[in-house]
Amino acid sequence: MGRAEPAAFVTRLGRSAFVAVILILCVTPFLLVFAISFGEKIEGAAWAWGFEFTNYKRFFVGADYPNTTSLLYLKFLWFSLYYAMFASILAVATSFPFVWLMTRQSRRAQTCWLVFFLASLTLSEVFVVMGWDILLSNRSGLPALFKEIGITTWLKESGWLDVLRTWGIASPRNVRFKPTEFATILTMSYLVWPYAVILLYPPLSKINNELIEAARTMGAGPVTVVRTIVLPMVRKPLVGTTLLLFVFLLGTYVTIAVFAAPDKSTLSISVYEAVRGATLNAPFGSAQAIILLITAAIILVLGRIAFLPDEGRR
Amino acid sequence: MSHAKSLNRRRFLKTTAMGIAAGSGLLATPALAKARSVKIGSYGGFFEDSFKASIFPEFEAAAGIKVQSVTQPDSSGWLLTMHQAIQAGSIPTDLSLHVPMSVIKGDRMGTVFENLDPQKIPNLGNVYSGFIQETDEGLKGAGAFSYYSSLVINTDEVDAPQSWAELWNVDLFEASLGFPSELASPLLDITAVVFFEGPEILKTREGIQTVVDKIGEMNPNIALWYSSTSQMEQSLKNNDVIGGMLYHDVAGLLAADGLPLASIFPKEGNPVDFNSWTLSRGSENVDEAHEFISFCCQSEVQALLSRSIGVAPVVDVASTDLTEDEISAVAGTPSFPMSYDILLSEETFIDEAFKRMRANI
């Protein structure tokens with residue numbers, strides 16, 4: 001017993017050191033951002049440490065309050081949530097049938113697909129955006145194709161172009177996909193598609209074929225099988241994946257910068273502009289980042305309570 | 001602002017260049033203890049490459065001072081980096097390039113810059129006074145080069161406008177134009193000049209709001225608020241935008257590349273902007289830094305800068321040996337200066353008014 005004590009002490013020391021390193025590496029940057037968010041902007045210069053709630057107030061009512069009230073940053077926050085929500089749902093909804101069919105294939109085919117998706121993760125956001133940029137651009141992408149094969153002329157003559165203009169996906173000359181919500185959400189969901197596949201693969205591959213066969217022998221069609229057997233079994237991973245991708249997408253920067261319309265920009269752009277842009281207003285950037293973080297946390301908790309009630313109670 | 005942006009211009013390979021710059025900085029240190037040297041910052045990519053290829057070697061040969069090139073990503077971000085580095089006790093460069101706005105800000109921050117000594121810059125007299133940044137306390141920045149932002153238009157798509165005001169035509173330009181996005185976008189100055197008889201109106205909040213509202217009338221036409229020149233170049237090439245505002249010299253390069261792009265000096269004129277050399281606080285190569293600035297203020301070096309980088313001189317163009325074609329590639333008339341001091345006093349208000357206009361809220 002007496003001899004074991006030094007070993008236990010070393011173990012405990014090691015564990016404390018580990019915890020300390022984690023605290024320093026993970027918590028300190030966060031605390032710094034938190035502390036800076038109370039700093040003070042000096043007009044015409046940079047900022048100084050301080051303790052005031054100006055930056056948080058500005059987020060909700062604007063800098064010129066009470067002369068005018070501005071919901072500008074709430075609008076940015078809304079679009080952050082809006083894009084991330086639709087893109088994550090789209091990614092999960094489209095990858096689910098794919099993964100389901102993939103797990104029903106041979107072991108070898110499954111491995112090939114998985115390796116392919118793991119490899120595609122090495123594509124950075126910049127590359128993905130560049131690719132879609134080319135596909136959707138007026139000169140090199142779909143609009144050029146439309147023009148070439150005469151669809152544009154037909155749209156103009158039939159008046160559909162004006163309808164598309166009111167939908168925001170045409171200019172007076174041709175259809176256009178940049179900047180649009182359509183292109184933004186499409187690219188964002190493409191960005192996280194490999195993650196969706198990799199996250200959904202383990203639970204779906206565990207579903208035993210015998211269950212499916214049993215249901216089929218009792219007369220259930222393929223769709224009924226998926227609806228009544230597969231989906232309920234993977235409800236938790238589906239919700240979990242969606243929430244994870246949603247949080248991941250809240251910070252998207254390049255896609256928004258390239259594809260989102262200026263009046264539908266997000267908080268991540270606004271944070272960057274505040275910190276590194278010409279105003280050098282790091283305190284306001286930090287305050288926006290903290291609010292985005294808190295919003296994400298709230299949505300995660302709400303999501304769990306709403307979709308996974310049994311989990312939420314535990 | 002276009003200023004901050006100017007820093008961004010042509011920063012292809014930024015990260016790589018920075019890595020290389022950092023690496024070469026380390027490698028270059030163990031030279032002779034007595035060798036004179038100076039660390040000079042410039043915007044990464046084509047810009048810095050040109051400095052390294054044509055300006056620095058000339059200076060090294062003329063002055064016997066070794067130059068270490070340092071990559072700056074931009075001006076406003078670099079100001080922040082400098083501030084943090086100097087607080088931490090390291091001097092990232094002796095000289096840096098900054099837009100006028102950053103020079104004023106850095107000066108007010110009080111931690112980044114050291115005053116320059118005009119006595120040590122014998123050629124400073126060549127530089128137009130508008131490109132010298134001075135306060136009561138001393139010389140803060142010496143003009144390094146100037147540049148023009150012009151109205152650009154794809155002439156295959158529409159006829160070339162003769163006035164900035166034509167860009168407000170929604171029927172012609174809906175979702176078709178690109179403008180720089182940052183705070184002191186020259187757009188404020190342009191709009192004040194075109195519709196409100198000059199920048200005086202920007203001196204009050206009401207005036208600023210009036211001008212921003214006027215820009216808001218053109219907002220439906222703006223498909224791209226760009227934060228770096230390369231974004232605008234790409235969008236013009238892709239035909240995602242058919243015009244807007246771009247650096248005059250860059251527009252010329254694109255046109256030379258075959259893009260049907262005209263760089264126009266409308267009847268109201270184009271804004272002319274500049275960059276200054278600034279001395280870092282705590283620099284240990286003060287004399288060498290001043291020698292470099294003085295070197296750059298010579299007409300021959302200004303001409304060299306125009307030819308290699310496409311910027312306009314800060315000295316009398318007539319004193320250079322630039323040909324008429326070379327001059328029209330980098331400059332033009334009419335033009336008007338930007339009003340930095342006005343923009344700085346209401347920074348947060350302008351920033352938010354501008355963003356609200358862009359966001360339609």
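The sequence lines fix the lettering, A, B, ..., with proteins before strands; numbering per chain opens at 1. Basis for what follows: all heavy atoms, side chains included, without hydrogens, waters or symmetry-related copies.
For the pair B:Asn239/A:Asn174, no side-chain contact is recorded, criterion being any heavy-atom separation below 4.5 Å from C-beta on. Counting heavy atoms from C-beta outward, B:Gln209 and A:Thr68 have side chains that stay 4.5 Å or more apart. A 4.5 Å side-chain heavy-atom check between A:Arg276 and B:Thr81 finds at least one atom pair inside the cut-off. Counting heavy atoms from C-beta outward, B:Glu352 and A:Tyr73 have side chains that approach closer than 4.5 Å. Under the 4.5 Å side-chain criterion, counting only non-hydrogen atoms from C-beta, A:Lys178 is not in contact with B:Leu224. Using a 4.5 Å heavy-atom threshold, the side chains of A:Glu43 and B:Thr348 count as touching.
Of the residues considered (B:Arg356, B:Gln234, B:Met357), B:Arg356 shows the highest number of contacts with chain A, using heavy-atom pairs under 4.5 Å. With chain A as the partner, the residue from B:Glu174, B:His83, B:Glu157, B:Gln231 showing the most heavy-atom pairs under 4.5 Å is B:Glu174. Contact tally against chain A (heavy-atom pairs below 4.5 Å) for B:Asn360, B:Ile361, B:Asp240: the top residue is B:Asp240.
B:Ile350 CD1 to A:Thr279 OG1: the interatomic distance, rounded to the nearest 0.5 Å, is 11.5 Å. One distance of note links OG of B:Ser235 with CG of A:Asp133; it measures 7.0 Å at 0.5 Å rounding.
By the neighbour-count criterion of 12 heavy atoms within 6.0 Å, atom OH of A:Tyr190 is sparsely surrounded, having that number or fewer from other residues, nucleotides or ligands. Other residues, nucleotides and ligands place more than 12 heavy atoms under 6.0 Å from the CG atom of B:Asp156. Counting heavy atoms of neighbouring residues, nucleotides and ligands inside a 6.0 Å radius, atom CZ of A:Phe34 does not exceed 12 of them. Counting non-hydrogen atoms of neighbouring residues, nucleotides and ligands closer than 6.0 angstrom, the CZ atom of A:Phe86 reaches no more than 12 such neighbours. By the 6.0 Å contact criterion, CD on B:Gln87 is enclosed, its count of non-hydrogen atoms from other residues, nucleotides or ligands being greater than 12.
The part of A:Thr69 that comes within reach of chain B is its backbone (N, CA, C, O), which places non-hydrogen atoms under 4.5 angstrom from that chain. Looking at A:Ala261, there are no atoms closer than 4.5 Å to chain B (heavy atoms on both sides), in backbone or side chain. Neither the backbone nor the side chain of A:Ser265 comes within contact range of chain B, judged by heavy atoms closer than 4.5 Å. With a 4.5 Å cut-off on non-hydrogen atoms, B:Asn219 does not touch chain A at all. Residue contact with chain A, scored on non-hydrogen atoms closer than 4.5 Å, involves the backbone of B:Ile222 exclusively. The part of B:Ile242 that comes within reach of chain A is its side chain, from C-beta onward, which places non-hydrogen atoms under 4.5 angstrom from that chain.
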Inset, instruction - Could you check A:Ile42 against B:Arg108 for side-chain contact (heavy atoms from CB on, under 4.5 Å), going step by step and ending with a plain yes or no? - result: CA-CA 9 Å; A:Ile42 300 165; B:Arg108 291 186 186 174; over 6 Å; no

Inset, instruction - Please lay out, stage by stage, how B:Asp351 and A:Arg58 fare under the test salt bridge (charged side-chain N to carboxylate O under 4.0 Å, His left out). - result: CA-CA 12 Å; B:Asp351 178 46; A:Arg58 180 179 174 191; 3.4 Å; yes

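Across all non-hydrogen atoms, the minimal contact from B:Arg205 to A:Asp64 is NH1-OD1, 2.8 Å. Nearest approach of B:Ala223 to A:Pro179, heavy atoms of both residues: O-CG, 3.5 Å. Smallest separation of non-hydrogen atoms from A:Leu280 and B:Lys105: N-NZ, 4.2 Å.
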